[in-house]
Amino acid sequence: MTKEKAIRLLDAATGRKACDLVIKNAKVVNVYTHEIQNGDLFIDNGLIVGIDGERKAEKEIDAKGAYIVPGFIDGHCHIESSHLTPTAFSDMVVPYGTTSVIADPHEICNVCGSDAMAYMLKSGKNATLSIFYMYPSCVPATPFEHAGCILNAKEIEEFIDDESVLGLGEMMNYPGVINADGMVLDKLATAYSRKKNIDGHAPNVRSSDLDGYIGVGITTDHECATSDELKERIARGMYVMLRQGTACKNVLELVKGIDDKNYRWALFCTDDRQPETIAKYGHLNHGVNLAIGAGLNPVTAICMATINAAECYGLKDRGAIAPGKRADFFITEKLTDIKAEQVFIAGKLAAKNGKILSPSKPVKAQGIEGRMNVKDFSKEKLKLRLRSDHVRIIDIIPGQVVTKAGEAYVARDEEGCWMHDGENDILKLAVVERHNGLGNVAVALIRGYGMKHGAVATSIAHDSHNIIVIGDNDEDMATAVENLISLGGGITMVKDGKILDNHRLEVGGLMTGDGAQEVCKTLERMHETAYGELGVSKDVDPFMTLCFMALPVIPEYKLTDIGLFDVTKFDFVDINLD
């Protein structure tokens, strides 16, 4: 706060001048005292002045007994998973009561490096939503794949001091941390030197390994699968995020571990949430409402979505309805099923009845379009020659990005190449390197996707975002890859050599300049095609599930552009078992 702002706040608070706005007859949620306070809320110059008091205001709104809730803060998200640019993402989520997000742009940075970080920062500053960033810590996520860039401590130094950068993003390379890898510790040291947060990502890390992981300053984790894991982390002083994304949904399990003693160490996050999920269920409010519906006290849930996140990330100017805080809040009729009727950001009405009133100004994504550097791709590279009928299989777990290490007996042709058997649910999966022109194509087998005939390809393949394609025949798979290259990235579906539909993502192969409504229509249509025309199992999201099958930090089997990877062993394995 500047001296000038302080003088104006004092004049408004003491009644020497009229405030900009008063919201009368409200029920204010106080996250400090855990109670509801009846009164009139005064706002001036984008800040909260106070509740009640002898003051006048130039404008008046009657809340008619509705609740005023601090603006929700998403503790961890990847904007790129919405397929939208930061400004379009802002316009989509603000109407749901989200007024701030902590975003990790490691998806686009894996493709475009520092150019992407510069774009995300510039675009974020144009957004109505407050967008803060954590600088990506794992680009690439592991040394077992090829990304578009390598970001080490030197590159982190370039951006870590930006006021919008709150620290170091999710440290997915937990083996590197636990084993004191020098390059990993150099990255941590950049956050140490600035006294900034370090986000965690530690699935299945327990006991003494967890002690070491937390002990070196990693402050959060959003990868808990059970309430026991949540309690174990909170007992060690770590913030735990209850995540409700599109593929990963942990709120209902983790809320079982929240009680009156530990809730102050819990946040909500969305992580990866696709636009059609947001349009159908909402944004952070969806996870909050699920927790409330499961029996969590509504004010406790609101605290987790507001002041807890603000305190975790050192955002001292927001997270509560209190004097001097930024006037980010929303009005809702009920706390049992929270719906933001009116959303205020910095004291201005930004959204009403689900519609954005203050659209963000887009920023052109210069220099990070396309990025399709694929070399020597051909259908021949998709052949899977096997030495044995007994093979390792990636087994999809419905509703999860975690997979099982499966095995099966499969058919082979006279050349020893895998043959599709219509009686089972085993398909071919391939990852095509698209960043450095290396010509890498790795092939494996996957079960549980359910597709009957055809191919699906996407340039969204966490976290290095090479091309990933699934299919039952090489012809359709090759057509899908070639079409995706010509698009400059996105999602495509093919059957019998015919392109069924496309979703073009021209910004690094991950985002589009189109608006949320258009993107949602496209994805809704493509989901219908995937389920109806290709026969993909309705137990899985055809695109979100696929794009996580190349992430070699989530157990158990995954496929990178180098080969089949066993995450539990943290090493490559042969597809042949005998």
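Numbering starts at 1 and runs along the sequence shown. Bear in mind that the values here come from a model prediction, so they are computed numbers and not experimental data.
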### Message
I'd like to know if the side chain of His78 pairs up with that of Asp271 as donor and acceptor (distance under 3.5 Å, no hydrogens or angles considered).
### Response
yes
- Task: Verify side chain to side chain donor-acceptor pair (under 3.5 Å) between His462 and Glu80, making sure each step is shown before the conclusion.
- Result: CA-CA 11 Å; His462 300 285; Glu80 303 96 312; over 6 Å; no
Determine whether the side chains of His146 and Ser464 contain a donor N or O and an acceptor N or O closer than 3.5 Å. no
Report task. Take Asp328 and Arg326, measure what salt bridge (Lys or Arg N to Asp or Glu O under 4.0 Å) needs, and give me the verdict at the end. Result -> CA-CA 6 Å; Asp328 290 355; Arg326 182 180 160 101; 2.7 Å; yes
Tested for side chain to side chain contact (heavy atoms under 4.5 Å, CB included) against His76, the lone hit among Leu267, Val101, Asp104 is Asp104
**Item:** Any donor-acceptor pair under 3.5 Å from Ser459 side chain to Gly490 backbone
**Value:** yes
Test ring pair (Phe, Tyr, Trp, His ring centres under 6.0 Å), reference His283, set Phe330, Phe89, Tyr96, output is Phe89
*asked:* Closer than 3.5 angstrom, by distance alone: can the side chain of Lys187 be matched with the main-chain N or O of Leu168 as a donor-acceptor pair?
replied: no
### Message
Can you confirm whether the side chains of Arg371 and His465 place a donor and an acceptor under 3.5 Å from each other?
### Response
no
Please determine if Asp74 and Arg273 form a salt bridge, counting it only when a charged side-chain N lies under 4.0 Å from a carboxylate O.
no
Pairing donors with acceptors under 3.5 angstrom, does anything connect the side chains of Tyr239 and Asp199?
no
For Glu157 and Arg194, what are the C-alpha separation, side-chain angles and deciding distance, and is it a salt bridge (Lys or Arg N to Asp or Glu O under 4.0 Å)? CA-CA 10 Å; Glu157 291 275 356; Arg194 273 78 172 182; 2.7 Å; yes
